[in-house]
Amino acid sequence: MPNQVFLGPTDFTLSKQSVADVCPSNIALIKYWGKYAGQIPANPSISYTLSNCHTKTEINFDPAASFAVKVNLDGREEVKFGEKIEKYFRSIEVYLPWILQGAYEINTVNTFPHSSGIASSASGFGAIAKCLMQLDASFNGLADEEFIRKKASFLARIGSGSACRSLYEGLVVWGETTEVEGSSDLFAVQYPTEQVHDIFRDFNDWVLLIHEGQKAVSSTVGHGLMDSNPYAKRRFLEARENFVPLKKILKEGDLTEFIRLVEHEALTLHAMMMMSTPAFILMQSGTLEVINKIWQFRKETGLPLFFTLDAGANVHLLFPENENSNAIKDFIETELKPFAQNGGIVKDRMVF
Ligand code: DP6
């Protein structure tokens with residue numbers, strides 16, 4: 001059943017167009033892992049939108065040619081991506097009725113290494129959705145900025161669930177929860193900034209590249225494994241419940257409880273994969289060593305360095321930017337960086 005609000009008008013005037021847009025990646029704190037048909041998340045999630053890690057995309061649209069999609073990544077044609085995007089365009093025709101009426105050349109670049117495990121599907125689909133909404137606005141004369149962004153988030157979600165969160169800055173929620181007003185399973189909303197303590201509004205995310213290479217399990221397969229995971233129901237409930245303390249934590253600036261919750265979420269995601277059939281262990285020995293070092297550092301210094309993980313081995317090192325951050329940065333450079341496969345580290349910082 002298509003969502004009525006986002007159905008596209010069927011009267012439009014096509015023209016040859018070139019549009020370009022930029023979209024950042026994001027890192028989830030309460031994780032989305034498990035979904036239902038129609039790209040509906042099994043639980044609400046919340047993420048930080050990154051600043052430096054983003055995708056730049058340009059779309060050249062030619063309505064005189066028949067429907068075809070060509071994707072160039074860093075100037076090189078990627079046939080597999082092209083097929084994926086073609087399939088994606090077909091899946092959103094009801095929302096953009098003009099979309100199959102022309103040929104597309106899509107040029108895209110990421111500002112971060114593909115192998116970093118930083119979600120390029122989030123920034124990638126986010127950037128494509130923004131470009132598509134630029135085209136849509138020009139063909140339909142649409143001018144409502146807020147609606148354009150919401151529909152871009154809605155369309156990005158259909159491409160990749162976590163992508164819908166990248167359309168907004170700061171802390172962003174996707175998935176309906178009574179704890180966040182206006183939240184929806186269909187698009188993301190920004191978590192109200194006035195309800196976020198200053199300590200969370202200038203934060204570092206340094207990604208330690210423990211293992212560069214292909215992911216052992218794709219998100220599609222990973223989400224699917226939750227369908228038969230005996231712990232899934234409890235996990236979905238827990239993620240939902242975690243919004244209650246998180247709301248209080250964000251408001252009060254309770255860093256200690258924030259750390260506990262965020263690390264627990266990351267470890268739960270990995271525990272779910274370990275308890276799937278077939279089982280996956282996505283951490284590498286370096287991941288475990290880094291986690292232990294972080295815990296030891298925190299115990300010895302009391303400084304707020306902590307971690308989260310995506311569905312891979314790399315470690316997102318999180319810490320607030322303030323008068324203590326130099327000591328944390330020195331520790332990362334000297335004690336944790338040696339665990340990165342090629343000394344790789346991607347430094348990002350969220351300020352909002
Ligand atoms: C572990 O959004 O990549 O990063 O919807 O199948 O494209 P699809 O999955 P995807 O899953 C992301 C999972 C995660 C957690 C998160 O970002 O919330």
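Heavy-atom basis, side chains included; hydrogens, waters and symmetry copies ignored. Model, not experiment: these values are computed from the prediction. One-based numbering along the sequence shown. Remember, it's 1-based here, ligands and their atoms both numbered in the order they're listed.
The hydrophobic cluster around Y32 extends to W174, counting ILVMFWY residues whose side-chain heavy atoms fall within less than 4.5 Å of a member.
Contact check on E321 versus K329 returns a salt bridge, with a Lys/Arg side-chain nitrogen under 4.0 Å from an Asp/Glu carboxylate oxygen. The pair E146-K151 does not count as a salt bridge, with every side-chain nitrogen at least 4.0 angstrom from each carboxylate oxygen.
Residues satisfying the ring-ring contact (aromatic ring centres under 6.0 Å, His included) test with F147, not counting sequence neighbours, are F6. Scanning for ring-ring contact (aromatic ring centres under 6.0 Å, His included) contacts around F297 gives F331, with sequence neighbours left out.
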Hey, what polar pairs (N/O, under 3.5 Å) does ligand 1 make with protein?
unit_1   : atom_1 : unit_2 : atom_2 : d
ligand 1 : 2 (O)  : S160   : OG     : 3.2
ligand 1 : 2 (O)  : S162   : N      : 2.8
ligand 1 : 2 (O)  : S162   : OG     : 2.6
ligand 1 : 3 (O)  : S219   : OG     : 3.0
ligand 1 : 4 (O)  : D310   : OD1    : 3.1
ligand 1 : 5 (O)  : Y32    : OH     : 2.6
ligand 1 : 5 (O)  : K35    : NZ     : 3.4
ligand 1 : 5 (O)  : Q39    : NE2    : 3.4
ligand 1 : 5 (O)  : G161   : N      : 2.7
ligand 1 : 6 (O)  : K35    : NZ     : 2.8
ligand 1 : 7 (O)  : S160   : OG     : 2.6
ligand 1 : 9 (O)  : H223   : NE2    : 3.0
ligand 1 : 11 (O) : H223   : NE2    : 3.0
ligand 1 : 17 (O) : R165   : NH2    : 2.7
ligand 1 : 18 (O) : Y32    : N      : 2.9
ligand 1 : 18 (O) : R165   : NH1    : 3.0
ligand 1 : 18 (O) : R165   : NH2    : 3.2

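The nearest pair of heavy atoms linking H197 to K251 is CB-O, 3.7 Å.
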